[in-house]
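Here the structure comes first, spelled out in structure tokens, and everything after it is commentary.
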Amino acid sequence: GESVGLHLPTLSVQEGDNSIINCAYSNSASDYFIWYKQESGKGPQFIIDIRSNMDKRQGQRVTVLLNKTVKHLSLQIAATQPGDSAVYFCAEIGANFGNEKLTFGTGTRLTIIP
Amino acid sequence: KAGVTQTPRYLIKTRGQQVTLSCSPISGHRSVSWYQQTPGQGLQFLFEYFSETQRNKGNFPGRFSGRQFSNSRSEMNVSTLELGDSALYLCASSIGSTQGRGEKLFFGSGTQLSVL
């Protein structure tokens, strides 16, 4: 069945360093991927998305890389700040599906060490 | 533009009671989805409403229901509460399309429900 997973449940990074959060997916038909950030006591916040016709997309301090060959997605955060501490989720969905098929990973807890 | 607003923020109920949660989507968004978030199960899809109609439903029992009003605001109801219903209930809105294709979701802060 479909699954979206993360390689590491926790990640600690020194403030100012770059961080990389990884995500693997199993559905080769997935064509839309989203990264969310969830801080304690808040709902998931949209960070960045990418479609399968791209392999890289950049935002402010964040970059998402998509490797369709190995079904792998990563989120890179540059120059991490204390406010980046949160749980990060990847989510994926196939081209012909509605929101009910948006599948979320279990999340990686990122801790920024001052 | 205001974000997705959920009320109340916290709720404490006892087994057997029922509860109603409210969600106001981002202005202009016509689709509202509800998710249950627990530490063990992660984010699980409950249902989606579009133009006052339930368009999709997840694998939850009939005790979980919802509705959407003409202004796109949505409510979800859980009847005969069980201990296992304790969770963070998240509402998410999206622009919505008649095709019902997957879209970028914007989440509210959720309602933390505790069932005692």
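Letters go in sequence order (proteins before strands), and every chain restarts at 1.
- With a 4.5 angstrom heavy-atom cutoff, A:Glu39 does not touch chain B via any of its atoms.
- Clustering ILVMFWY residues whenever any of their side-chain heavy atoms sit less than 4.5 angstrom apart, transitively, puts B:Leu83 in the very cluster that holds B:Phe60.
- Under a cut-off of 6.0 angstrom, the local environment of NZ in A:Lys68 is crowded, with over 12 non-hydrogen atoms contributed by other residues, nucleotides or ligands.
- Counting all heavy atoms, side chain and backbone alike, B:Leu105 lies closest to A:Phe46 at O-CB, 4.4 Å.
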**Request:** Please report the C-alpha distance between B:Lys104 and A:Tyr32 in whole Å, then the side-chain angles of each, then the deciding distance to 0.1 Å, and finally whether the side chain to side chain contact (heavy atoms under 4.5 Å, CB included) criterion is met.
**Result:** CA-CA 9 Å; B:Lys104 186 187 306 181; A:Tyr32 182 47; 3.6 Å; yes
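- Both B:Val115 and B:Leu46 are assigned to one and the same hydrophobic cluster, defined by single-linkage of ILVMFWY side chains at heavy-atom distances under 4.5 Å.
- The two residues B:Leu90 and A:Gly43 have their closest heavy-atom pair at CD2-CA, 3.8 Å.
- More than 12 heavy atoms of other residues, nucleotides or ligands lie within 6.0 Å of CZ in A:Arg61, so this atom counts as buried by the packing criterion.
- To the nearest 0.5 Å, atoms CZ (A:Phe104) and CD (B:Gln37) are separated by 9.0 Å.
- Using a 4.5 Å heavy-atom cutoff, the side chains of B:Leu88 and A:Gln38 are in contact.
- A distance of 9.5 Å separates CD1 of A:Ile34 from CD of B:Glu103, quoted to the nearest 0.5 Å.
- Other residues, nucleotides and ligands place no more than 12 heavy atoms under 6.0 Å from the CD1 atom of B:Ile95.
- Heavy atoms from other residues, nucleotides or ligands lying under 6.0 Å from CG of B:Asn59 number 12 at most.
- Hydrophobic clustering (side-chain heavy atoms under 4.5 Å, transitive across Ile, Leu, Val, Met, Phe, Trp, Tyr) groups A:Tyr88 together with A:Ile48.
- Using a 4.5 Å cut-off on side-chain heavy atoms (C-beta onward), B:Leu43 and A:Tyr36 make no contact.
- With a 4.5 Å cut-off on non-hydrogen atoms, B:Gln6 does not touch chain A at all.
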